[in-house]
Visitor: 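If you scroll down you'll find the structure; I have some questions about it.
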Amino acid sequence: MLRPTSEDDQTLLINFRLLERVLRLMAVWPTDFNPYLPQYLRGRFFLSELFDFGYQLFWYFICVHIAAFHIMSVLTGDLSYDELFLTLITTSIYSILVPLSLYLRLYESNIRQLYEFSQRHFRKRSAAGVHYISISSSYRFTNKYQFWWIASCLLGTMHWAVYPILSQERTLPFPCWYPVDVHESPMYELAYIFQVLGQLQVSLVFGLASALFMVFVFVVCTQFDMLCCSLSNVRQSAMILNGGYGPELRDYQDNYELDTRDYVLQEVFREDLDTVQGTKTASRLDQLSPAQSYLMELAPELTCVMEDCIQHHLILLRFCQLLENCYHPYVLLKLLQILLLLCFLSFMATVESLSTMKLINVLEYFMLSITELYLYCFLGQTLKNQGLKVGDALWKSPWHLCGASYRRRLLIILMNAQRPVRLTGLKLYELNLETYYTVLKAAFSYYTIIKKFR
């Protein structure tokens, strides 16, 4: 099987390292401070662990104190109905940020295991045939997605932080209860800086956590496309392995009408048949009875190609199971957070007394929340469809031209493809488009109830 250079590996490595640095900057992942210490203090007195713990407490203090002061505003403050829900929006965001940050820190090794598993076992392209799919398509797409998604999160959340500057008012981004007078210097500047850092934490933690999850899903979806492409090319791959079917392959390639709609990213490359080299197959055929010894053309090569596809499919199923085990608590937290935000933001968007600037901020939050919900559910639905598509790709392959040994191996993939590939929220809610509509209906049902009690 052909394998390209390591440039794609390096691209994913660079982007993962970048995400890792930002997660460490936000104290979501532990940081080794030894390289920043003097030589004689490195590895001594647990200084690195102490600095990491203190840095983590600093960011937790920012998050927790904003959530706690907003809860105090709800309990003790004389808030209007509209101000109450504006306070509840911030309270729900920062309250969920705490367990989400703890989850990312506790599951750091699991997330790293997913990355290392993909680096070690994922294919860089599909099997050689008349056309192929490359992992580079997925990397290019995910790189663009990461940039625009994180940029959108930063722009959508930091507007709240710059609202007092744009409105030219000496107010905090989130007015709430404080045990001291925050309208006088230097307490005002200190509270303002902490709230700006809090918004930065919200945008980066939520944005990076979502980016990591969605990158993993995009990459494994591309791997399923590679597997389906290999299965549809199975006979041509066997011809390439044999090395004696050059004219037939070129004629088939020239007359083949490729339909890219079956693939997620719809990017398929034409195989360069002049550079493809035939290889000897080491696979041992089963001992067949005389009644089964029909259709023996390319039998060793077809068996070798199918065994490679079986191994690839098992790797993908294993990765999906690891992904589900790692992220199902995170998915439930996200669904809960988005449900609360959509309910509260829908209410705030209909408040007549809301200023234009705050209305823009509310609408930005609303669009981010509904987009994030759709992306999660869309990816869950896409991954499920990708798993089921393997069986369809088998039936579309020229299995009727292959012998008994190939067909027995075909049944192995068919049986494995019957197990649905699912992403769930704590094993309770499946990520699919039905869940998307369910969350939307629930959010607007709660909004209607709140509207009636106004």
Visitor: Counting only N and O atoms by type, is there a donor-acceptor contact under 3.5 Å from the side chain of Gln199 to the main-chain atoms of Gln195?
Guide: no
Visitor: CG of Leu102 to CD of Gln56: how many Å apart, nearest 0.5 Å?
Guide: 7.5 Å
Visitor: Quick one: are Tyr429 and Val439 in side-chain contact, heavy atoms under 4.5 Å?
Guide: no
Visitor: Mind telling me whether Tyr145 and Phe218 have parallel, tilted or perpendicular rings, with 30° and 60° as the class edges?
Guide: perpendicular
Visitor: Using a strict cut-off of less than 4.0 Å between a Lys/Arg side-chain nitrogen and an Asp/Glu carboxylate oxygen, indicate whether Glu108 and Arg112 qualify as a salt bridge.
Guide: yes
Visitor: Any chance you could lay out the side chain to side chain contact (heavy atoms under 4.5 Å, CB included) test for Leu154 and Leu204, step after step, and finish with the verdict?
Guide: CA-CA 7 Å; Leu154 285 169; Leu204 289 180; 4.0 Å; yes
Visitor: Check this for me, if you would: do Arg42 and Asp32 make a salt bridge, where the nitrogen-to-carboxylate-oxygen distance has to be below 4.0 angstrom?
Guide: no
Visitor: Does any N or O in the side chain of Gln236 come within less than 3.5 Å of the main-chain N or O of Val130, such that one atom is a donor and the other an acceptor?
Guide: no
Visitor: Ignoring hydrogens and angles, tell me if any N or O in the side chain of Thr87 forms a donor-acceptor pair with the backbone of Val74 under 3.5 Å.
Guide: no
Visitor: Determine, step by step, whether Ser210 and Tyr330 satisfy the side chain to side chain donor-acceptor pair (under 3.5 Å) criterion, reporting the C-alpha distance in whole Å, the side-chain angles of both residues, the deciding distance to 0.1 Å, and the verdict.
Guide: CA-CA 10 Å; Ser210 301; Tyr330 164 81; 3.3 Å; yes
Visitor: Between Tyr107 and Tyr103, how do the two ring planes meet: parallel, tilted or perpendicular, split at 30° and 60°?
Guide: tilted
Visitor: Checking Lys334 against Phe206: charged group under 6.0 Å from the ring centre and within 45 degrees of the axis?
Guide: yes
Visitor: How many angstroms lie between OH in Tyr188 and CG in Asp181, if you round to the nearest 0.5 Å?
Guide: 12.5 Å
Visitor: Within the side chain of Tyr376, is there an N or O that forms a donor-acceptor pair under 3.5 Å with the backbone of Leu335?
Guide: no
Visitor: Look up atom CG in Leu431 and atom CD in Gln381, then write down how far apart they are to the nearest 0.5 Å.
Guide: 10.0 Å
Visitor: Anything under 30° is parallel, anything over 60° is perpendicular, the rest tilted; go ahead and classify Phe444 against Tyr447.
Guide: perpendicular
Visitor: Within the side chain of Gln386, is there an N or O that forms a donor-acceptor pair under 3.5 Å with the backbone of Cys221?
Guide: yes
Visitor: Tell me whether Ser232 contacts the main-chain N or O of Cys229 through its side chain, where contact means a donor paired with an acceptor under 3.5 Å.
Guide: yes
Visitor: Would a distance-only check, ignoring hydrogens and angles, find a side-chain to backbone donor-acceptor pair under 3.5 Å from Gln201 to Ile62?
Guide: no
Visitor: Might you point out which heavy atoms bring Ser230 and Cys309 nearest each other, and give the distance in Å?
Guide: CB-SG, 3.9 Å
Visitor: Please report the shortest heavy-atom distance between Ser126 and Met226, naming the atom on each side.
Guide: CB-O, 3.4 Å
Visitor: Kindly indicate, with the supporting measurements, whether the criterion ring pair (Phe, Tyr, Trp, His ring centres under 6.0 Å) is fulfilled by His121 and Phe319.
Guide: CA-CA 9 Å; His121 297 292; Phe319 181 85; 9.9 Å; no
Visitor: So that I can tick it off, tell me whether Arg105 and Asp52 are bridged by a salt bridge, with the cut-off set at under 4.0 angstrom between side-chain N and carboxylate O.
Guide: yes
Visitor: Phe85 vs Phe347 aromatic rings, parallel, tilted or perpendicular, using cut-offs 30° and 60°?
Guide: tilted
Visitor: What verdict does the side chain to side chain contact (heavy atoms under 4.5 Å, CB included) test give for Arg270 and His131, after you've listed the backbone C-alpha separation in whole Å, the side-chain angles of each residue and the deciding distance to 0.1 Å?
Guide: CA-CA 4 Å; Arg270 183 184 175 94; His131 61 273; 5.7 Å; no
Visitor: What class does the angle between the rings of Phe58 and Tyr55 fall in, given that below 30° is parallel, 30 to 60° is tilted and above 60° is perpendicular?
Guide: parallel
Visitor: Strictly distance-based, threshold 3.5 Å: is any side-chain N or O of Thr435 a donor or acceptor partner for the main-chain N or O of Glu430?
Guide: yes
Visitor: Can you give me the closest heavy-atom contact between Thr157 and Ser203, atom names plus distance?
Guide: OG1-CB, 2.9 Å
Visitor: Please report the shortest heavy-atom distance between Trp177 and Phe69, naming the atom on each side.
Guide: O-CB, 3.2 Å
Visitor: What distance do Arg21 atom CZ and Leu208 atom CG have between them, rounded to the nearest 0.5 Å?
Guide: 13.0 Å
Visitor: Please report the interatomic distance OG(Ser237) to CD(Glu271), rounded to the nearest 0.5 Å.
Guide: 8.5 Å
Visitor: Flag the pair Val331 / Leu426 as yes when at least one side-chain heavy-atom distance between them is below 4.5 Å, and no otherwise.
Guide: no
Visitor: Would you say the side-chain atoms of Asp225 pair up with the backbone N or O of Val264, donor to acceptor, closer than 3.5 Å?
Guide: yes
Visitor: So Glu49 and Phe33, side chain to side chain contact (heavy atoms under 4.5 Å, CB included) or not? Walk me through it.
Guide: CA-CA 8 Å; Glu49 291 79 2; Phe33 283 90; over 6 Å; no
Visitor: Under the criterion side chain to side chain contact (heavy atoms under 4.5 Å, CB included), I'd like the reasoning laid out for Asn34 against Leu41: C-alpha separation, chi angles, the key distance, then a yes or no.
Guide: CA-CA 8 Å; Asn34 280 314; Leu41 290 178; over 6 Å; no
Visitor: As a test of understanding, state which of Ser134, Ser138, Ser137 forms a side-chain hydrogen bond (donor to acceptor under 3.5 Å, both in side chains) with Thr222.
Guide: Ser138
Visitor: Find the distance between CD1 (Ile89) and CG (Leu84) and round it off to the nearest 0.5 Å.
Guide: 10.0 Å
Visitor: Salt-bridged, Glu307 to Arg409, with N to O below 4.0 Å?
Guide: yes
Visitor: Would you check if there is a donor-acceptor pair between the side chains of Gln223 and His312 at a distance under 3.5 Å?
Guide: yes
Visitor: State, to 0.1 Å, how close Ile96 and Leu336 come at their nearest heavy-atom pair, and which atoms those are.
Guide: CD1-C, 4.4 Å
Visitor: Where do Gly380 and Leu423 come nearest, in terms of heavy atoms and distance?
Guide: CA-CD1, 4.4 Å
Visitor: Does Arg125 use its side chain to pair, donor to acceptor, with the backbone of Ile133 at less than 3.5 Å?
Guide: no
Visitor: Output, in order, the C-alpha distance, side-chain angles, deciding distance and verdict of side chain to side chain donor-acceptor pair (under 3.5 Å) for Glu324 and Thr424.
Guide: CA-CA 7 Å; Glu324 161 68 7; Thr424 66; 2.4 Å; yes
Visitor: Looking at Glu20 and Arg17, does any basic side-chain N land under 4.0 Å from a carboxylate oxygen?
Guide: yes
Visitor: Decide whether Glu189 and Ser185 meet the rule of one side-chain donor and one side-chain acceptor closer than 3.5 Å.
Guide: yes
